[in-house]
S.K.: 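Here's a structure for you.
First listed ligand is number 1; within each ligand, the first listed atom is number 1.
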Amino acid sequence: MTVFPLQNFLKTKAVGVRFVHDIINHEKMTSIIQVFLAKSHGHFIDGAWVDGVGAETIKVINPATGGVVSSIHSGGSAEVDLAVAAARRAFDSGIWSKMAPVERARIMFSLADLIERHAGQISQLEALDIGVSRDMMQTIGVQLAADQLRYYAGWVTKINGETITNSRSRSEKREFLTYTEKEPVGVVGQITPWNFPFAMAVQKIAPALAAGCTIVLKPAEDAPLSTMYLADLVAQTDLPAGVFNLVNGYGRKAGAAISVHGDVDKISFTGSTDVGKEIIHAATGNLKRITLELGGKSPVILLKDANLVEAIPAAARAIFFLSGQNCMAGSRLLVHGDIYDQVLSGLKIISEAMTVGADMETTYDIGPLISEQQLTRVMAYIDIGVSEGARLVTGGKRVSGREGFFVEPTIFADCNPDMRIVKEEIFGPVLTVQKFENDDLDEIAALANDNIFGLSASIWTADLARGHKLARRIKSGQVGINVHAAIDPATPFGGYKQSGWGREFGREGLEPYLETKAITAYL
Ligand code: NAD
């Protein structure tokens with residue numbers, strides 16, 4: 001059996017990601033960030049930071065150490081009411097929606113420039129808050145965010161209706177002129193998760209701002225720092241007060257208050273499928289428009305002719321990137337029987353060579369989980385995997401000698417579709433591997449599609465024609481051929497089945513923030 005060469009792991013092409021974490025240490029932390037962390041953080045409403053009602057706060061924890069790095073006020077319906085009122089005033093005044101499109105675009109471009117200039121500070125905050133490396137953060141978190149803003153700033157001057165050829169002219173003596181206009185939906189509530197919170201926040205506000213909407217955004221309570229820094233950057237632009245508002249708080253209080261609010265016209269949510277379902281119920285009162293980006297259990301499919309030098313490290317990256325806390329994580333590896341042992345052996349070598357952990361002082365390959373709660377959840381799933389009879393190839397334990405929330409890269413082989421570890425989203429560094437012997441594309445697709453989620457998938461093969469044929473059969477919003485999770489601002493992103501409603505990114509990501517009005521004149 002060929003032993004997989006480890007050095008290829010770090011060399012092979014990543015999806016815009018270098019998988020080696022950077023060194024961050026406290027000495028490197030800039031004074032700007034130290035001052036920022038020491039502040040008492042309230043809510044950004046109507047262009048200014050305000051304290052919330054009551055004294056309840058939420059501790060912001062560094063997951064690499066378990067230590068408290070900052071604290072935020074825990075907002076609820078009182079703060080949401082204020083923020084929605086500010087967003088409503090700003091929307092109804094037309095100060096943003098009726099601003100000349102070139103001017104709106106200019107302001108969005110200026111925010112993108114500011115984000116790039118503050119990449120270092122944003123990356124430090126994100127590193128502290130979620131354990132991501134500055135290196136990865138700058139590549140994905142910051143650059144993607146700036147790209148998203150610029151992409152949607154480009155759309156501002158191109159949001160047009162169309163003229164319609166109206167057939168009623170045929171039966172009536174007079175003529176008709178029918179055309180459509182695109183109008184912003186109004187006040188939008190945006191709720192984001194803790195994995196890559198900065199990029200999540202920017203990818204939500206960019207299309208909303210382009211459409212002319214005003215915003216009330218609630219970041220995840222586990223990782224709010226970089227989004228608050230974004231508010232500070234917004235305050236340095238010419239964006240009118242009240243267009244962007246931020247409320248901090250727990251999901252069940254602040255998030256729920258936004259979802260149910262009668263003056264919020266649309267919700268855009270990224271997070272778990274269970275919470276997505278709650279939001280649907282909460283939003284029925286005024287029939288808000290809803291976009292949902294939810295969970296995933298994405299298959300990575302290795303056909304027998306896959307180039308294993310590329311595919312094996314890519315499969316490792318697909319699951320272990322951000323310690324598996326990635327909605328597109330390739331957590332179900334489906335491997336043809338002819339290459340099964342070779343793939344498992346390569347993955348085992350890669351996983352065991354990863355330097356797990358590190359806080360702000362060392363270089364590392366895989367970081368911490370976001371919280372103690374997430375750690376408990378992932379460890380419980382590992383126990384479930386063992387009790388279900390899956391074969392533990394490597395990992396399965398907490399990383400010893402670390403105070404933070406670290407789990408070893410874990411691989412379960414010989415899994416089957418009935419196992420809970422195969423069916424459910426774990427959101428941790430746990431890979432399940434299934435073997436298939438069939439070459440029939442319909443049967444391979446059936447195995448890949450045997451899941452309630454449908455967010456992302458990838459196919460690895462030397463035969464591109466077969467790759468495209470299989471891609472057509474996969475029920476998922478994104479399918480990569482010889483690449484996993486290739487996101488791009490212009491490429492629609494979203495889920496089939498219980499992975500969500502609607503799309504973000506691209507033109508499709510703009511549409512949910514627009515209403516279409518049809519106007520007909522009887523000439
Ligand atoms: P979560 O659903 O627990 O929380 C997400 C956000 O919703 C947080 O801001 C939280 O405060 C808020 N929230 C919680 N309960 C709420 C309620 N009742 N009403 C309104 N808001 C509420 O998710 P998480 O643990 O932060 O993130 C992990 C999940 O997010 C995973 O399932 C992952 O797959 C998913 N995710 C999906 C995408 C995607 O694009 N499809 C991207 C990233 C993460």
Side-chain angles (χ1 to χ4, degrees), residues 58 60 63 72 74-77 80 129-130 132 140-141 144 148 189-204 216-224 227 246-261 264 267-283 288 290-298 319 321-331 369-371 373-378 381 424-428 451-456 476-478 485 487 491-505 509:
I58 302 171
V60 181
I72 57 170
S74 168
S77 53
V80 167
D129 221 355
I130 65 168
V132 67
I140 303 189
L144 182 64
Q148 288 275 14
Q190 302 189 320
I191 301 174
T192 52
W194 46 259
N195 62 339
F196 274 118
F198 187 80
M200 292 286 167
V202 175
Q203 80 188 41
K204 290 229 178 289
V216 176
L217 186 146
K218 191 203 85 64
E221 58 273 28
D222 284 321
T227 313
L246 180 156
V247 176
N248 274 314
Y250 290 109
R252 298 208 170 274
K253 287 176 72 180
I258 293 172
S259 316
V260 82
H261 204 291
V264 172
I267 290 280
S268 174
F269 170 76
T270 298
S272 60
T273 294
D274 286 346
V275 173
K277 290 176 183 176
E278 287 184 39
I279 285 173
I280 293 170
H281 290 297
K288 292 178 182 64
I290 304 177
T291 311
L292 301 172
E293 294 287 351
L294 307 177
K297 191 78 184 179
S298 300
I319 178 62
F321 168 67
L322 208 60
S323 301
Q325 302 168 113
N326 168 21
C327 54
M328 292 175 286
S331 48
L369 299 177
I370 186 71
S371 62
Q373 189 188 4
Q374 189 65 9
L375 174 76
T376 307
R377 174 186 153 89
V378 170
Y381 269 109
E424 298 172 18
E425 185 183 46
I426 298 174
F427 225 57
N451 195 269
I452 63 163
F453 298 110
L455 189 59
S456 191
S476 141
Q478 290 74 228
I487 55 172
T491 307
F493 178 89
Y496 279 35
K497 301 190 273 183
Q498 295 194 35
S499 287
W501 281 358
R503 293 290 178 271
E504 291 189 322
F505 298 24

S.K.: Kindly assign one of parallel, tilted or perpendicular to the pair Phe427 and Trp194, based on the angle between their ring planes and the thresholds 30° and 60°.
M.R.: perpendicular
S.K.: For the side-chain contact (heavy atoms from CB on, under 4.5 Å) test, which of Asp129, Thr192, Leu246 pairs with Pro224?
M.R.: Asp129
S.K.: In terms of residue, atom name and distance, what is the protein heavy atom nearest to atom 28 (C) of ligand 1?
M.R.: Phe427 CE2, 3.5 Å
S.K.: Can you tell me if Phe493 has a non-hydrogen atom under 4.0 Å from ligand 1?
M.R.: yes
S.K.: For Asn195, counting its heavy atoms only, list the atoms of ligand 1 lying under 4.0 Å from any of them.
M.R.: 43 (C), 44 (C)
S.K.: May I have the step-by-step check of side-chain contact (heavy atoms from CB on, under 4.5 Å) for Ile370 and Asn195, ending in yes or no?
M.R.: CA-CA 8 Å; Ile370 186 71; Asn195 62 339; over 6 Å; no
S.K.: Compute the minimum heavy-atom distance from Ala256 to ligand 1 and say whether it is under 4.0 Å.
M.R.: yes
S.K.: Taking the side chain as every heavy atom from C-beta outward, state whether His261 and Val216 have any atom pair closer than 4.5 Å.
M.R.: no
S.K.: Which ligand 1 atoms, with their elements, are less than 4.0 angstrom from a heavy-atom of Cys327?
M.R.: 34 (O), 36 (N), 37 (C), 38 (C), 39 (C), 40 (O), 41 (N), 42 (C), 43 (C), 44 (C)
S.K.: Hey, are the side chains of Lys218 and Lys253 touching, using non-hydrogen atoms and a 4.5 Å cut-off?
M.R.: no
S.K.: For ligand 1, which atoms sit closer than 4.0 Å to a heavy atom of Met200?
M.R.: 42 (C), 43 (C)
S.K.: Taking 4.0 angstrom as the limit and counting only heavy atoms of Trp194, give me the atoms of ligand 1 inside it, by number and element.
M.R.: 24 (P), 25 (O), 26 (O), 27 (O)
S.K.: Could you tell me which residues satisfy side-chain hydrogen bond (donor to acceptor under 3.5 Å, both in side chains) with Thr270, sequence neighbours excluded, listed by chain and number?
M.R.: Lys204
S.K.: If you have a sec, work out which protein heavy atom is nearest atom 41 (N) of ligand 1 and how many Å separate them, to one decimal?
M.R.: Leu294 O, 2.7 Å
S.K.: How far is atom 13 (N) of ligand 1 from its nearest protein heavy atom, and which residue and atom is that?
M.R.: Gly251 CA, 3.3 Å
S.K.: Ignoring hydrogens, what is the shortest heavy-atom contact between Glu293 and Leu455? Give both atom names and the distance.
M.R.: OE1-CD1, 4.4 Å
S.K.: For ligand 1, is there an atom lying under 4.0 Å from some heavy atom of Gly495?
M.R.: no
S.K.: Closer than 4.0 Å to some heavy atom of Glu221 - which atoms of ligand 1 meet that?
M.R.: 10 (C), 11 (O)
S.K.: Indicate yes or no: at least one non-hydrogen side-chain atom of Leu369 is less than 4.5 angstrom from one of Gln325.
M.R.: yes
S.K.: Tell me which part of Phe269 gets within contact of ligand 1: side chain, backbone, both or neither, using heavy atoms under 4.0 Å.
M.R.: side chain
S.K.: Suppose I only count heavy atoms of Leu455 and a 4.0 Å limit; which atoms of ligand 1 are within that range?
M.R.: 41 (N)
S.K.: Considering the heavy atoms of Ser259, write down every atom of ligand 1 situated less than 4.0 Å from one of them.
M.R.: 20 (C)
S.K.: What protein heavy atom sits nearest atom 8 (C) of ligand 1, and how far off is it?
M.R.: Thr192 O, 3.3 Å
S.K.: Tell me, which protein residue and heavy-atom name are nearest atom 35 (C) of ligand 1, and how many Å apart are they?
M.R.: Gly271 O, 3.1 Å
S.K.: Using heavy atoms and a threshold below 4.0 Å, how should the contact between Glu278 and ligand 1 be classified: side chain, backbone, both, or neither?
M.R.: side chain
S.K.: Among all the protein's non-hydrogen atoms, which is closest to atom 32 (O) of ligand 1, and how far away is it?
M.R.: Glu425 OE1, 2.6 Å
S.K.: Closest non-hydrogen protein atom to atom 16 (C) of ligand 1, residue and atom name please, with distance?
M.R.: Val275 CG1, 3.4 Å
S.K.: Please write down residue, atom name and distance for the protein heavy atom closest to atom 2 (O) of ligand 1.
M.R.: Ser272 OG, 2.6 Å
S.K.: Please list, in number order, the atoms of ligand 1 under 4.0 Å from a heavy atom of Gly255.
M.R.: 19 (N), 20 (C), 21 (N)
S.K.: Which heavy-atom pair separates Ser259 from Ile267 by the least distance, and what is that distance?
M.R.: CA-CD1, 3.6 Å
S.K.: Can you find a protein heavy atom under 4.0 Å from atom 4 (O) of ligand 1?
M.R.: no
S.K.: Tell me if a side-chain donor or acceptor on Gln374 pairs with a main-chain N or O of Ser371 at a distance below 3.5 Å.
M.R.: no
S.K.: Within the structure provided, determine whether Val275 and Ile191 are in side-chain contact (heavy-atom separation under 4.5 Å).
M.R.: no
S.K.: Output, in order, the C-alpha distance, side-chain angles, deciding distance and verdict of side-chain contact (heavy atoms from CB on, under 4.5 Å) for Ile426 and Lys297.
M.R.: CA-CA 8 Å; Ile426 298 174; Lys297 191 78 184 179; 3.9 Å; yes
S.K.: Is there a side-chain contact between Phe196 and Leu144 (heavy atoms, below 4.5 Å)?
M.R.: no
